[in-house]
Amino acid sequence: MSTINRSIKINQHNVKNRIIMPPLVCFNWADDEGFETVNRGDHYGKRAKGGTGLIIVEATAIAKEGRIIDTMLGLWKDEHVPQFQKIAKNCHDEETVVIVQLVHAGMKSVGSPVYSSTAVEMEDKVCLEMSIADIEKVKEDFVSAAVRAKEAGIDGVEIHGAHGYLLSQFTSKEVNKRTDLYGGSLENRLRLPMEIVKEVRIATGDDFIICYRFGVNDPTLEEDKYFAKKLEELGVDLLNVSAGIGGNNIAVPEDFPFANITYMGTALHNEVDIPVACVFGIKEPHQAEYLLNNDMIDMVAVGRGLLADPEWVNKATKNVKVNICYHCLPRCKYSVDGNTCPWVCK
Ligand SMILES: Cc1cc2nc3c(=O)[nH]c(=O)nc-3n(C[C@H](O)[C@H](O)[C@H](O)COP(=O)(O)O)c2cc1C
């Protein structure tokens with residue numbers, strides 16, 4: 001049996017194979033209030049039908065003021081729940097486990113003023129330091145959004161701690177210049193994400209998956225290893241490793257055949273016993289097999305590959321050629337309008 005097809009247990013959930021659809025936001029597929037304008041039940045249902053083991057639904061805002069863009073999904077009010085019910089149903093019909101990524105963009109949020117760990121001078125907007133009351137609200141918003149995801153029948157959440165969004169802005173010493181309990185020492189900089197994980201666990205129960213999107217080298221790989229172990233101790237079920245702030249400084253062994261972001265995942269895999277997923281540039285099944293066969297990782301996330309080919313996993317299993325993503329530049333066409341993806345146009 002191909003290593004891709006080996007099942008794996010995440011929390012209490014049996015994931016039927018090792019391929020994850022990582023969060024892939026489709027900007028312009030929602031209105032200004034966080035409601036879909038393009039059917040996500042269909043979008044994710046196709047990838048579930050295509051055999052994907054675990055789907056992580058795209059970045060979803062926990063608060064209106066924490067949105068990355070004003071056309072993204074939201075889970076900040078109860079009215080948002082039904083759009084996630086459809087996603088849950090369509091994934092579960094295909095025995096695919098599904099979780100949703102929760103995000104607050106911090107200084108990268110739309111609008112002005114915006115809030116971060118620290119006040120930052122920005123050209124186009126005002127970024128203020130979060131007060132303790134603001135931090136408490138962020139925690140509550142993460143918890144409420146997670147509870148809504150559970151109400152919708154979604155199997156868990158991924159807390160977005162990567163890509164320079166709010167939680168990265170707390171963990172990174174390059175950004176976080178606070179002098180209170182949430183800044184300074186490593187313990188203090190990790191405090192906010194750790195409190196969020198703890199509170200989400202209490203509010204959602206033991207069998208709800210908590211995944212952490214880990215931004216490695218945020219600020220250093222050594223500190224990240226420590227953080228990964230802390231998250232494991234707290235009961236995080238899966239680490240989905242991507243880039244943080246300053247991730248380009250990582251030294252990758254010369255013979256490592258993938259990107260530095262992928263390497264970071266394999267580096268953390270050696271540090272913890274919980275499942276770890278890596279990502280970046282995996283276009284073809286043999287690449288995923290290489291990582292899994294060599295025990296370099298537990299799960300492989302295939303992002304743009306699954307946009308180009310919803311049947312990626314079924315084809316991999318049957319040894320059929322998959323559609324190979326073109327990695328369009330300057331950015332993936334799916335992110336603006338799925339219909340202009342060269343594979344969708346065909
Ligand atoms: C169109 C698009 C949207 C993305 N949206 C998100 C997102 O919502 N949350 C996130 O953490 N990463 C996001 N990413 C990053 C992907 O999850 C993934 O890490 C990246 O595409 C690299 O994997 P790949 O080479 O397999 O595509 C996005 C990437 C693309 C191309």
Side-chain angles (χ1 to χ4, degrees), residues 18-30 34 36 38 40 43-44 47 52 54-62 66-69 71-75 87 99-106 108-109 157-168 193 211-216 218 238-245 247 257-265 276-285 287-288 291 297 299-310 312-313 316 322-344:
R18 302 300 176 108
I19 302 300
I20 298 181
M21 180 180 187
L24 293 148
V25 78
C26 298
F27 295 127
N28 305 319
W29 280 20
E36 66 179 14
V38 172
R40 294 303 199 286
H43 178 68
Y44 292 108
R47 274 86 197 167
T52 313
L54 172 65
I55 289 181
I56 308 178
V57 173
E58 68 204 78
T60 296
I62 58 157
R67 291 173 301 167
I68 301 171
I69 192 170
T71 54
M72 67 183 290
L73 292 183
L75 250 179
I87 298 173
I99 66 178
V100 55
Q101 184 184 58
L102 301 180
V103 68
H104 189 300
K108 291 182 163 187
S109 305
V157 289
E158 174 174 279
I159 294 168
H160 200 341
H163 303 166
Y165 294 123
L166 182 68
L167 299 185
S168 293
C211 168
Y212 195 84
R213 187 132 223 210
F214 205 102
V216 174
D218 199 7
L238 173 67
L239 294 181
N240 182 16
V241 180
S242 187
I245 295 171
F258 300 97
N260 67 343
I261 294 180
T262 320
Y263 175 73
M264 298 167 191
V276 177
C278 66
V279 75
F280 208 87
I282 313 298
K283 294 181 174 184
E284 294 184 70
Q287 298 173 301
L291 288 157
I297 205 73
M299 300 190 81
V300 176
V302 176
R304 288 164 291 177
L306 267 162
L307 292 178
D309 195 341
W312 199 97
V313 180
V322 299
N323 300 345
I324 301 199
C325 172
Y326 298 110
H327 283 188
C328 295
L329 293 172
R331 61 191 292 205
C332 169
K333 297 210 163 98
Y334 228 103
S335 64
V336 184
D337 170 5
N339 295 326
T340 54
C341 165
W343 279 107
V344 176

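Order of listing sets the numbers, starting from 1, for every ligand and every atom in it.
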Relative to atom 26 (O) of ligand 1, which among A243, G161, C278, G303 owns the nearest non-hydrogen atom?
-> G303

For atom 3 (C) of ligand 1, which protein heavy atom lies nearest, and how many Å away is it?
-> V25 N, 3.3 Å

Which of the numbered atoms in ligand 1 are below 4.0 angstrom from a heavy atom of V279?
-> 18 (C), 19 (O), 22 (C), 23 (O)

Sole candidate of V279, V241, L291 that passes side-chain contact (heavy atoms from CB on, under 4.5 Å) when paired with T262 | L291

Quick look: R213 vs ligand 1, heavy-atom contacts under 4.0 Å, and the answer is side chain

Any non-hydrogen atom of G305 lying under 4.0 Å from ligand 1?
-> no

Give yes if a backbone or side-chain nitrogen or oxygen of C332 is under 3.5 Å from a nitrogen or oxygen of ligand 1, and no if not.
-> no

Ligand 1 versus L24, non-hydrogen atoms closer than 4.0 Å: side chain, backbone, both, neither?
-> both

S335 and ligand 1 - part of the residue with a heavy-atom distance under 4.0 Å | both

For the residue pair Y326 and W343, does the interplanar ring angle fall in the parallel (under 30°), tilted (30 to 60°) or perpendicular (over 60°) class?
-> parallel

Candidates M72, M21, Q101, R40 - the one meeting side-chain contact (heavy atoms from CB on, under 4.5 Å) with E58 | R40

Would you mind running through ligand 1 and noting each atom that sits below 4.0 Å from a heavy atom of H163?
-> 10 (C), 11 (O), 12 (N)

Is ligand 1 under 4.0 Å from a heavy atom in the side chain of F280, in the backbone, in both, or in neither?
-> both

R304, K333, H160, E158: member with heavy atom nearest to atom 31 (C) of ligand 1 = R304

Consider every N or O of L307 and every N or O of ligand 1, then say whether any pair is closer than 3.5 Å.
-> no

Does an N or O from E58, backbone or side chain, lie closer than 3.5 Å to an N or O of ligand 1?
-> no

Does I282 reach ligand 1 with a nitrogen or oxygen that is under 3.5 Å from one of the ligand's nitrogen or oxygen atoms?
-> no

Which atoms of ligand 1 have any heavy atom of P22 under 4.0 Å away?
-> 17 (O)

Just distances here: any N/O of S242 and N/O of ligand 1 closer than 3.5 Å?
-> no

Does the N or O separation between A59 and ligand 1 drop below 3.5 Å for any pair?
-> yes

